[in-house]
Amino acid sequence: MATSNGVNQELAKIFLEMSEFLAMQEAAFKPRAYEKAARAIEELKEDAAEIYQKEGLKGLEKISGVGKGIARRIEEFVKTGRIRDYERFKKEMPVDISGLTSIQGVGPKTIKTLYKKLKIKNVKDLEKAAKAGKLKNLPGFGEKIEQKILQGIEFQAGFHGRMNIGLALPIARKIIDFLKKIPGVSRVEVAGSLRRWQESVGDLDFLVISSKSEAVMTKFTAMPEVEHVYARGQTKTMVRLSGGIDADVRVLPPESFGAALQYFTGSKDHNVELRKIAISKKYKLNEYGLFKSRKLAAGRDEKEIYSKLGLDWMPPELRTASGEIEAARFHRLPDLIGYGDIKGDLQIQTNWTDGANSIEEMAQEAKRLGLEYIAITDHTKSLAITGGSDEKKLLRQMVIIDKINSKLQSANWRTNSKFKILKGAEVNILKDGSLDIKDEVLVKLDVAGAAIHSHFNLSEKEQTERLIKTMSNRHIDIIFHPTGRLLQKREPIKLDFDKVFKTAAETGTMLEINAHPWRLDLNGELVRAAKKYGVRFMINTDAHSAADLAYMEYGIAQARRGWAEKSDIVNTLPLKKLMELFKKPKTGRYL
DNA sequence: GCCGTTTTCGGCCCGACTGTTTTCAGTCG
């Protein structure tokens with residue numbers, strides 16, 4: 001689909017690659033500039049081409065990170081469909097940069113050497129050369145680097161065919177909208193692991209009720225995203241989408257829709273348990289319905305089916321075959337936190353460090369999304385690359401936040417709303433668990449979060465002790481993204497979770513459920529484990545741009561997968577209650 | 001190449017880690 005974002009995405013990709021090419025040439029500051037511009041354009045809400053049509057170069061230069069040079073290249077792209085500088089780079093070195101750099105430990109310099117010496121153009125070439133032992137003899141390479149590259153390739157291949165939920169959900173929503181507009185269609189749902197909000201999904205399953213199945217199949221297979229049609233029938237069609245993910249559409253009769261939704265939502269293990277119960281009650285359960293001696297007993301909606309089996313209906317997030325069926329039988333299912341229950345976002349970066357937008361812009365967007373408060377939590381000084389704050393800069397930012405708040409207050413008064421910006425920080429945890437900001441400044445913050453950004457490879461014992469030391473600081477309210485994992489990219493740090501959760505509960509330190517779709521940290525499983533110790537949580541987006549504030553739902557989903565209720569999540573509290581809580585000493589907060 | 005709560009030119013891109021190597025090169029956050 002040629003949406004307005006298409007141009008922005010293409011430009012972002014080109015500028016990102018140009019930044020890598022420039023890095024190969026050892027250009028001093030240009031790579032960063034291009035990278036920054038690429039990210040700004042990617043996050044842009046309006047179409048860059050449209051901005052240019054309307055306001056010309058001057059309009060483009062208003063984009064932060066875009067100056068005269070890059071604006072001119074955008075102009076060139078809009079006018080001619082290409083950027084000559086980029087094509088020159090590409091001609092000199094025709095390599096798959098984004099593919100190669102996605103392998104951990106492979107950067108621009110490595111790519112250059114690999115191409116010059118071995119003509120390696122893509123991951124496949126690289127894997128072949130590494131397996132043949134050709135890398136270790138290159139200058140600056142050795143046995144270990146060769147092994148590391150092979151491991152990196154393997155690590156990535158392990159995720160083959162599974163797509164991060166943050167990529168899959170927007171695609172699915174677009175297709176749902178598309179299917180709903182087809183004449184004859186009265187209902188569309190996505191089932192499968194996406195409906196269960198699993199962190200990655202293997203394929204997209206769409207279920208449709210339509211009076212004209214032929215029209216659905218024709219339109220579906222003709223979508224521009226469809227790369228290949230595996231099978232096409234009256235009730236079921238399977239395709240591969242250009243994003244590298246498969247999608248199925250099933251057209252169903254209304255009386256079977258609930259049964260199909262249940263069946264295709266899974267999980268598989270959950271369904272096996274359900275079918276066992278059905279058999280014990282002399283039923284047969286399949287995707288067409290719940291049957292008693294060939295007679296349809298239930299199938300129109302899910303609730304009916306669960307009810308006939310003596311179970312309460314449960315949200316898809318819980319269907320993991322880990323005690324939910326037992327709980328449903330005895331009416332002990334948790335009353336999960338709802339997708340609209342969050343009142344504030346307490347981890348937000350701004351352009352004071354590595355965020356894309358200003359404090360005001362983040363506040364505006366948060367307000368628009370219906371939040372009551374946010375906390376500004378920029379990085380601190382030992383994370384130097386982000387321009388992290390030292391004590392002085394933090395204090396300066398606090399003054400600015402006070403000023404913005406008093407401005408907001410008069411605006412709030414006029415619009416009869418309330419919105420407040422809290423002062424916070426994402427304080428960097430040093431190797432020994434101490435912090436890079438002094439206590440006398442931490443105490444002045446409304447919310448002090450701490451996070452690990454280095455020394456990911458310590459032993460379980462060291463890492464656990466490190467985090468325990470941080471949690472023992474009475475000024476640290478919360479640990480952000482506790483395991484530090486990045487999906488498909490970096491493993492979580494090694495921790496003794498029993499000890500960590502116990503300490504978190506004892507010290508009154510909250511743990512974050514980071515909603516960023518590449519983090520989801522803690523994940524549902526760990527939330528559920530931590531909850532047993534009495535740990536309290538916050539769900540935050542870790543937004544680095546205004547658009548990122550929309551990630552909240554991914555975090556709420558993980559909380560729900562972890563059986564979290566509203567009362568477990570501190571930022572469901574209204575501002576006043578939250579501030580009362582923060583005023584108490586940590587250890588007295590949950591008594 | 002971009003930018004200005006250090007403000008229109010001179011900074012920006014630091015620091016740790018790993019793996020190569022005997023003092024450095026490349027990657028990553």
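FYI, side chains are in, hydrogens and waters are out, and symmetry mates aren't considered; it's all heavy atoms of this structure. Every chain is numbered from 1 and lettered A, B, ... according to where its sequence line falls, protein lines coming before strand lines.
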Atom pair distance, as rounded to whole Å: [atom1] in [X] and [atom2] in [N]:
X	N	atom1	atom2	value
Asp378(A)	dG29(B)	CG	C1'	15 Å
Lys30(A)	dC2(B)	NZ	P	10 Å
Lys62(A)	dG4(B)	NZ	P	15 Å
Ile103(A)	dT27(B)	CD1	P	13 Å
Phe456(A)	dG29(B)	CZ	C1'	7 Å
Lys393(A)	dT6(B)	NZ	P	9 Å
Asn428(A)	dC28(B)	CG	P	19 Å
Arg32(A)	dC3(B)	CZ	P	13 Å

Determine the Euclidean distance between corresponding [atom1] atoms of [M] and [N]; express it in Å to zero decimal places.
N	M	atom1	answer
dG26(B)	dT20(B)	C1'	10 Å
dT18(B)	dT23(B)	C1'	15 Å
dT27(B)	dT21(B)	P	16 Å
dA16(B)	dG11(B)	C1'	23 Å
dG15(B)	dG10(B)	C1'	23 Å
dG1(B)	dT6(B)	P	27 Å

Going by centres under 5.5 angstrom and planes under 30 degrees, do the aromatic ring of Phe29(A) and the base ring of dC12(B) stack?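 Phe29(A) ring centre within cut-off of dC12(B) base, planes near parallel; stacks.
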Applying salt bridge (Lys or Arg N to Asp or Glu O under 4.0 Å), can you list everything that pairs with Glu92(A), at least two apart in sequence or on another chain?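 Salt bridge (Lys or Arg N to Asp or Glu O under 4.0 Å) check on Glu92(A) returns nothing, list empty.
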Qualifying residues under salt bridge (Lys or Arg N to Asp or Glu O under 4.0 Å), relative to Glu20(A), sequence neighbours excluded: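 Salt bridge (Lys or Arg N to Asp or Glu O under 4.0 Å) check on Glu20(A) returns nothing, list empty.
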Looking at Thr110(A), does any N or O in its side chain come under 4.0 Å of the phosphate oxygens OP1/OP2 on dT27(B)?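 Yes, because at least one side-chain N or O of Thr110(A) sits under 4.0 Å from OP1 or OP2 of dT27(B).
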Which part of the nucleic acid, if any, lies within reach of [X] when heavy atoms closer than 4.0 Å are counted: base, sugar-phosphate only, or nothing?
X	value
Ile145(A)	sugar-phosphate
Leu22(A)	nothing
Glu61(A)	nothing
Pro139(A)	nothing

In terms of the nearest nucleotide of DNA chain B, which residue is placed more toward the 5' end: Arg396(A) or Gly142(A)?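 Residue closer to the 5' terminus by nearest nucleotide: Arg396(A).
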Pairwise 5' ranking along DNA chain B for Lys148(A) and Trp352(A), keeping only the more 5' one: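 The answer here is Trp352(A).
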Donor-acceptor contact present, side-chain Lys423(A) to main-chain Leu395(A), <3.5 Å: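 Not confirmed, Lys423(A) side chain does not pair with Leu395(A) backbone.
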Short of 4.0 Å, heavy atom to strand atom, which residues of residues 66-75 of chain A count as contacting DNA chain B?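 Val66(A), Gly67(A), Lys68(A), Gly69(A), Ile70(A), Arg73(A) - these, ordered by number, are the residues of the stretch whose heavy atoms sit under 4.0 Å from the strand.
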Tell me which residues in residues 111-127 of chain A put a heavy atom below 4.0 Å from DNA chain B, sorted by number, or none.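 Per residue number, the list is empty: none.
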Going by the ring-ring contact (aromatic ring centres under 6.0 Å, His included) test, which pairs reach into residues 48-105 of chain A, not counting sequence neighbours?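 Matches after skipping sequence neighbours: Phe21(A)-Phe89(A).
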Lys121(A) versus Asp96(A): any side-chain heavy-atom pair under 4.5 Å?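 Of all side-chain heavy-atom pairs linking Asp96(A) with Lys121(A), none is under 4.5 Å.
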List, one per line, each side-chain donor-acceptor pair under 3.5 Å for residues 131-148 of chain A, sequence neighbours excluded.
residue, atom, partner, partner atom, Å
Lys131(A), NZ, Glu127(A), OE2, 3.0
Glu146(A), OE2, Leu135(A), N, 2.9
Glu146(A), OE2, Lys136(A), N, 2.9

Just name whichever nucleotide pairs with dT8(B), Watson-Crick or G-U, keeping both distances under 3.5 Å, else none.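 Pairing partner, where one exists within any strand: none, as none qualifies.
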With ring pair (Phe, Tyr, Trp, His ring centres under 6.0 Å) as the test, would you mind laying out the steps for His516(A) and His481(A) before giving the verdict? CA-CA 10 Å; His516(A) 197 291; His481(A) 47 74; over 10 Å; no
For the pair Tyr34(A) and Phe15(A), name the ring-plane relationship: parallel under 30°, tilted 30 to 60°, perpendicular over 60°.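 Because their plane-to-plane angle lies in the 30° to 60° range, the rings of Tyr34(A) and Phe15(A) count as tilted.
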Looking at Asp439(A), I want to see if its CG is surrounded by more than 12 non-hydrogen atoms of other residues, nucleotides or ligands under 6.0 Å.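 More than 12 heavy atoms, drawn from other residues, nucleotides or ligands, come within 6.0 Å of this atom.
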Is the Lys NZ or Arg CZ of Lys499(A) less than 6.0 Å from the centre of Phe497(A)'s six-membered ring, within 45° of the axis?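 No, Lys499(A) does not sit over the ring of Phe497(A).
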Would you mind telling me which of dT27(B), dC2(B), dG19(B) lies closest to the side-chain atoms of Lys144(A)?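 The nucleotide sitting nearest to the side chain is dG19(B).
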Between dC3(B), dG29(B), dC2(B), which nucleotide gets closest to the side-chain atoms of Ser64(A)?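 Out of dC3(B), dG29(B), dC2(B), the nucleotide with an atom closest to Ser64(A)'s side chain is dC3(B).
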Tell me, with the steps shown, if Asp378(A) and Thr350(A) meet side chain to side chain donor-acceptor pair (under 3.5 Å). CA-CA 6 Å; Asp378(A) 277 302; Thr350(A) 70; 2.8 Å; yes
